[in-house]
Amino acid sequence: MLDDTSNPKYLVDSINKVYQKKIFTKSPIVAIDGVVLKYDKTKDTLILPLKQSDITSVTYLGPKVSAIIYGKKEIYGAIVINTVALNK
């Protein structure tokens, strides 16, 4: 994520908390403004082309909900990010 604040790790920290609560057990999909990002789920890192100030909301979907919305293959949950571009 592009650094534009004094705390650029807030998204990483919040995702780690979701893993600690066992909402995610493996790599979830990531959707930004409805577009699912294609990335190598076996890696531990995903670079997002966003600034923190561009993000308006982050929603975490559990495995059952993500499978319903994104298809049977997406059973590990989802991170849904909405940005200011979506609100224009």
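Positions are given from 1, in the same order as the sequence printed here. Keep in mind the model is a prediction, meaning the values are calculated, not measured.
Formation of a donor-acceptor pair under 3.5 Å by the S66 side chain with backbone atoms of I75 is not found in this model.
For the pair V65/Y70, no side-chain contact is recorded, criterion being any heavy-atom separation below 4.5 Å from C-beta on. No side-chain heavy atom of L37 sits less than 4.5 Å from a side-chain heavy atom of I29. The shortest distance between side-chain heavy atoms of I79 and V58 falls below 4.5 Å. At a threshold of 4.5 Å between non-hydrogen side-chain atoms, the residues I81 and L50 count as touching.
Using modelled atom types, one finds no donor on one side chain facing an acceptor on the other under 3.5 Å when comparing N82 with T56. Looking only at atom types and distance, the side chain of T83 has a donor-acceptor partner in the side chain of D33 under 3.5 Å away.
Linking ILVMFWY side-chain heavy atoms closer than 4.5 Å, directly or via other members, places V36 and L61 in a single hydrophobic cluster.
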